[in-house]
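Down below is the structure, laid out as C-alpha cells.
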Amino acid sequence: MNAIVSIAKTTVGEAIRRRVLLVILLIGVLFLVVAPGLSVLTARQSYTVLTSFTLGVIQLTSAVIAIVLTVYLIPNEIERRTIYTILSKPVQRWQFLVGKFLGAVAALALMMTLMTVTMGLVFMIMRQGSGMEALGGLFRVPLMFFVQMSLLAAVAVFFSTFVSPIVNFFLSGGVYLVGTFFNPLFDTFSKNENLPAIVKGSATIIHMIVPNFANFNVQNQVINPGAVITNEATYYLQLVAYAVFYVLVFLIGGILVFDRREV
Amino acid sequence: MSLAIETRNLFKTYKSRGGQSINVVHDLNLQVERGEIFGFLGPNGAGKTTTIKILLGIIYQTTGEAFVLDKEAGDIEAHRKLSYLPEKPYYYEHMTGLEIMEFYASLFGIKDRALCERLLERVNLANDKNRAISQYSKGMQQRVGLAQSLLNEPELIFLDEPTGGLDPIAHIEVRDLILQFREEGKTVFISSHELSDVERICDRVAIINKGEVVQQGSLDQLLAGGRLEVTASGVDQGFADALKKDDYVVSFSGDRLILDMPDDGDVNSVLEGVLAKKGTVVSVVPRRKRLEDLFLESVASDNVAKGRRLFKMTDKDAPQAEEKA
C-alpha cells in the first residue's frame, strides 16, 4: 500500500508541473471566467445557456487533460528509465500501474476542483448571492464528470501498457467519443427487435465493451426542472458502481498486459 | 555458501522485423559469489544491460534459469535485499535530493528521514539535500543514485556504468564508495566500460560478447601467465638483435635495453648473455596481462573490436614510442 501511495503522490507532483496540462487548464478556466460576457440572451435563457456552456467547458477541458495526462504515464517512465529503479525495489507491476492511475485521478481531481470552484465563483458573482441552493445541485454535474474522467483515465492507462502515446491519444479519444455520442445509439440498436441479428449482435457487443460515457452527463437532470430523478442516491450510486466496474475491468486488463510487458 | 547470482543456459531472443530470431543473450552461465565485486564486461550491444534487466525481472528470459539471492530473478523477496543503479539514472526533477530518498525509502516501507539524511551525508550531499534534483550535476545525481541504492542495506548491488561520464573527482568518489561496499560485505555486480576501474576494484569478471560468456574467473587467474620485463644496461645493438624472435619485443630507452618476453621463456640465458657482455641487469619484473588486453583478445572475433584494435598501439609499436619519449 505504501508503494502505491508513494507512486500516486509522485504522479500528482509530476502532473501538476506539466506545462501542457497547466496550459489546457488555464484555457479552460479562462473560458469559465469570460463565459458570462459571451451571453446576449434573456436572463432566464442566459442562465440555462451559461450553465450548459460552463459545464461543457469543464467536461471538454477535463477530457483533454485526462487523456493527455494518462497517455504518457507509462511510456514516460520507460523512456526516462525511472521505472527501472522503481521495479527493482519490492514493487509489483500491478502496484506501479495502480499507483500511476490513482495519481492521475488525484491530479484530475485537483484540476477539476479548480475549474468547479471557478464556475461556482462566476455563478455567485452573477447571481449576487441568491439561488445558492441551485448552485449546490449544479456541483453534482462536475462530480459525475470526475467519475467519467476517472473511467476515461483507466481506458487510457489500459492502452498505455501496449501502444505509443500518440496512438493512445486517438484510441482513448475515440473510445470516449464513441462512448459519449454513439453508445446510447448502440444500446437502442441492441434492443431493436426489427434489426438483422448481425447488426443487433454487433451493437450489443460494442455497447458492452465500450463504456457508456453519456451516462455520466447529468446536466439535463440538474438544469431542467422537469427532469425528476425518483431516487437520487440510488441513481448516483448506480452510476458510480458502473464506473468502478469498468475502471476495474480496464485496470485488470492493463495489469495483465503490463505484467508480461518487456520494459 | 550459496551464490549471489547464478544463470543457467540463459537465452534472450528477439524477433527482428524480418521475422529473424536474434539471440541477445546466448547460453549465458554466470556465477557470482557473495561478498565479491564482480565486473560484467563486454562491447556495446553484447547483452550486458539485457542480462541485468533479466536478473532484475524487468524483462524475461526466453529460456534458461536465472537466480538472484537464491530466488528466481524478479522475485519480490529478493528485491528487498538488492538495489540497482541504472546507467544515466533519471529522477523526478521536481523533487529535492531528500524527497527522492524518502520516495525510494517508502517503496521499501521505510519511513526514516534520519536514514535518508545519513545516506546523503555519506555521499557528500548533506548540504544539497534540499536542492531540486534538476539543479544537481551529473556526478551529484549519480551519488544520489548510490545513496538510494543503500536504503535497504542491500546484500547485492547492481551498478550499470556507475562512473560513466563523471568528472575525475566524482569518478574517484564513486569508485571509493564501491570499495567501501565490499568492506561492508555486500556483493557488487558492475557493468562497465571503464576497464581500469574494473581491474582495480573487481575480484572476478565475466566478459561477454554477442550474448555469450567468453571469459569468466578471478582477475588473478585471468591476467596471470603474462610477461616478463628485463631491463639491462651496457649491452649493444648486436646483442639486442640476437634476442629478437617471436613474441620477444626489444627496445632501448636511452642506453637501457628493455626486453618484453613471455614469462615461460628462457630468462636465465638472457641474464647470462647480459653478464657475459659485461652488462648490468637492472631489473626483472613480472608483468601480468592488462585487462584491456584480455578484453580485446576475448572479443577479437568481433569485427568491431578488431577494427578498434587497429587504432591501438601494438607491442611492436611500443619500443619506438618509448624511444621517442
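Values below: every heavy atom of this structure, side chains too, minus hydrogens, waters and symmetry copies. Each chain gets a letter, A, B and so on, in the order its sequence line appears, and its residues count up from 1. As the structure is a prediction and not an experimental result, all values here were calculated from the model.
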Flag the pair Phe189(B) / Phe40(B) as yes when their ring centroid distance falls below 6.0 Å, and as no otherwise.
yes

Is the ring centre of Phe158(A) less than 6.0 Å from the ring centre of Phe162(A)?
yes

Does His79(B) form a side-chain hydrogen bond (donor to acceptor under 3.5 Å, both in side chains) with Asn152(B)? I'd like the steps, not just the answer.
CA-CA 10 Å; His79(B) 282 206; Asn152(B) 56 329; over 6 Å; no

With a 4.5 angstrom heavy-atom cut-off, which part of [X] approaches chain B: side chain, backbone, both or neither?
{"X": "Ile83(A)", "result": "neither"}
{"X": "Gln95(A)", "result": "neither"}
{"X": "Arg260(A)", "result": "both"}
{"X": "Glu79(A)", "result": "neither"}
{"X": "Arg17(A)", "result": "side chain"}
{"X": "Ile86(A)", "result": "both"}

Among the options Glu93(B), Lys88(B), Lys81(B), Glu102(B), pick out the one with the most heavy-atom pairs lying under 4.5 Å from chain A.
Lys88(B)

Answer yes or no: are there more than 12 heavy-atom neighbours, outside Glu72(B) itself, under 6.0 Å from its atom CD?
no

What part of Glu77(B) gets within 4.5 angstrom of chain A, counting heavy atoms only: side chain, backbone, both, or neither?
neither

Tell me whether the NZ or CZ atom of Lys138(B) lies within the 45° cone about the ring axis of Tyr136(B) and under 6.0 Å from its centre.
no

Charged tip of Lys89(A) within 45° of Tyr104(B) ring normal and under 6.0 Å
yes

